[in-house]
*Asks:* 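Okay, here's the structure, questions in a sec.
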Amino acid sequence: MQFKAENLSFRYNSKSSWILRNVNLTLDSCDKANNRTALTGPSGCGKSTLAKILAGYLKPTEGRILIDGNPLPRKGYCPVQMVHQHPEQSVNPRWKMQKTLHECWEPDEELLNSMGIESEWLKRWPAELSGGELQRFCIARILGPGTRFLICDEITTMLDVITQAQIWNILLERAEKNNMGLLVVTHNNALAEKICNNTIYLPEINKI
């Protein structure tokens, strides 16, 4: 399955400056040479905005996003899922974690155990979990069988080094098993070099 962005440009209105201009990228979930791409660049260059557009949260001002030549689906489970840097933005504070986790699918025990999710956490509210604990839930709930492309926006920056390594190992293993493509938004060049086979430096493709 191929995920493609063609000539994406974005600004909030006709009087504002362009945040992104003529962005193109391709991910192929089954092509081992092009299934893990890092998106790097300085703060404020539009990385998170681009991630939201690619995941369907924002509509591009110009350009299009295609999955195997078709537009992103507007109904049902989308094959492109996103994990945000701040997990509290992704959950309903009025839902307990059991309901949040099963919103999209019902993860298996093996995945929950590998993510370090304890059964007692399922009865808690989001505010009762730490940022790291909450992020584990956010990752587990979008690793369903229908996910083919995963956009990770600085997802482990708030976590300690050991937990970062654990989560990335799980993600890479799951991506390999389910033929998932990864777009990794990061400031960490060492991480990009270690887990990705391609790197895009945003200012190089963000030309006005």
Side-chain angles (χ1 to χ4, degrees), residues 1-11 18-85 90 104 138-139 142-156 167-208:
M1 184 174 282
Q2 189 178 75
F3 178 61
K4 196 168 187 178
E6 295 183 342
N7 300 316
L8 293 185
S9 297
F10 180 80
R11 59 182 177 180
W18 291 101
I19 296 174
L20 298 166
R21 195 65 171 151
N22 298 327
V23 175
N24 294 276
L25 63 86
T26 301
L27 275 176
D28 194 319
S29 62
C30 295
D31 183 353
K32 303 300 183 183
N34 194 38
N35 65 346
R36 298 178 189 171
T37 294
L39 180 64
T40 67
S43 296
C45 70
K47 298 189 301 297
S48 291
T49 299
L50 177 57
K52 291 176 183 177
I53 293 171
L54 295 173
Y57 293 111
L58 289 175
K59 184 178 180 180
T61 306
E62 297 175 359
R64 60 181 185 169
I65 302 166
L66 303 172
I67 299 288
D68 283 347
N70 299 307
L72 282 178
R74 295 186 177 182
K75 296 181 179 180
Y77 191 85
C78 182
V80 181
Q81 293 291 313
M82 180 175 174
V83 184
H84 298 267
Q85 179 179 2
S90 305
C104 299
C138 291
I139 294 171
I142 51 81
L143 289 178
T147 301
R148 287 293 172 267
F149 298 95
L150 188 59
I151 300 172
C152 304
D153 186 8
E154 299 281 6
I155 66 171
T156 58
I167 286 178
W168 280 116
N169 285 336
I170 294 166
L171 276 176
L172 295 176
E173 180 181 340
R174 199 79 178 187
E176 181 78 17
K177 180 179 179 180
N178 292 355
N179 287 325
M180 288 196 313
L182 296 179
L183 180 67
V184 181
V185 182
T186 182
H187 286 97
N188 188 333
N189 292 328
L191 175 69
E193 184 176 337
K194 183 176 182 179
I195 70 175
C196 295
N197 40 38
N198 294 296
T199 298
I200 296 174
Y201 186 68
L202 188 55
E204 291 182 355
I205 61 174
N206 186 26
K207 296 179 180 179
I208 299 177

*Asks:* Which residues pass the side chain to side chain contact (heavy atoms under 4.5 Å, CB included) test with Pro145, sequence neighbours left out?
*Replies:* Trp105
*Asks:* I need the Leu191 CG to Cys196 SG distance, nearest 0.5 Å.
*Replies:* 7.0 Å
*Asks:* Is the closest side-chain heavy-atom distance between Leu54 and Phe149 below 4.5 Å?
*Replies:* no
*Asks:* Could you list the residues that satisfy side chain to side chain contact (heavy atoms under 4.5 Å, CB included) with Ala192, not counting sequence neighbours?
*Replies:* Ala38, Thr40, Thr186, Thr199
*Asks:* Measure the spacing between CD1 of Ile139 and CH2 of Trp168 and express it to the nearest 0.5 Å.
*Replies:* 7.5 Å
*Asks:* What distance do Glu62 atom CD and Leu8 atom CG have between them, rounded to the nearest 0.5 Å?
*Replies:* 10.0 Å
*Asks:* Applying side-chain hydrogen bond (donor to acceptor under 3.5 Å, both in side chains), name anything that partners Glu154, two or more places apart in sequence or on another chain.
*Replies:* His187
*Asks:* Looking at residues at least two apart in the chain, or sitting in another chain, which of them share a side chain to side chain contact (heavy atoms under 4.5 Å, CB included) with Thr61?
*Replies:* Phe10, Arg11, Trp18
*Asks:* Rounded to the nearest 0.5 Å, how far apart are CD1 of Ile195 and SG of Cys152?
*Replies:* 7.5 Å
*Asks:* Got a sec, which pairs hit ring-ring contact (aromatic ring centres under 6.0 Å, His included) with one end in residues 19-39, sequence neighbours left out?
*Replies:* none
*Asks:* Tell me the closest heavy-atom pair linking Pro71 and Leu66, and the distance in Å.
*Replies:* N-CD2, 4.0 Å
*Asks:* Leu182 versus Leu172: any side-chain heavy-atom pair under 4.5 Å?
*Replies:* yes
*Asks:* According to side-chain hydrogen bond (donor to acceptor under 3.5 Å, both in side chains), who are the partners of Asn35, at least two apart in sequence or on a separate chain?
*Replies:* Asn197
*Asks:* Scan for salt bridge (charged side-chain N to carboxylate O under 4.0 Å, His left out) pairs involving residues 36-51, sequence neighbours excluded, and state none if there are none.
*Replies:* Arg36-Glu176
*Asks:* Could you grab the distance from atom CG of Asn179 to atom OG of Ser29, nearest 0.5 Å is fine?
*Replies:* 6.0 Å
*Asks:* Are any of the side-chain heavy atoms of Phe3 and Thr37 separated by less than 4.5 Å?
*Replies:* no
*Asks:* Does Leu20 reach the side chain of Ile53, with side-chain heavy atoms less than 4.5 Å apart?
*Replies:* yes
*Asks:* Mind checking what makes side-chain hydrogen bond (donor to acceptor under 3.5 Å, both in side chains) contact with Ser48, not counting sequence neighbours?
*Replies:* Asp153
*Asks:* Is the backbone of Thr147 close enough, under 3.5 Å, to the side chain of Asn178 for a donor and an acceptor to pair up by distance?
*Replies:* no
*Asks:* A side-chain contact here means heavy atoms from C-beta on lying under 4.5 Å apart; do Met180 and Leu143 qualify?
*Replies:* yes
*Asks:* Excluding sequence neighbours, so at least two apart, what forms salt bridge (Lys or Arg N to Asp or Glu O under 4.0 Å) with Arg174?
*Replies:* Asp108
*Asks:* Does Lys4 have any salt bridge (Lys or Arg N to Asp or Glu O under 4.0 Å) partners at least two apart in sequence or in another chain, and if so, which?
*Replies:* Glu6
*Asks:* Might you point out which heavy atoms bring Tyr201 and Pro42 nearest each other, and give the distance in Å?
*Replies:* OH-CD, 3.4 Å
*Asks:* Holding to side chain to side chain contact (heavy atoms under 4.5 Å, CB included), I want the full list of residues that pass it with Asn70, two or more places apart in sequence or in another chain.
*Replies:* none
*Asks:* Please report the closest heavy-atom contact between Ile151 and Ala55, naming both atoms and the distance.
*Replies:* CD1-N, 3.7 Å
*Asks:* To the closest 0.5 Å, what do you measure between CG (Leu39) and CG (Leu50)?
*Replies:* 5.5 Å
*Asks:* By side-chain hydrogen bond (donor to acceptor under 3.5 Å, both in side chains), which residues pair with Asn188, not counting sequence neighbours?
*Replies:* none
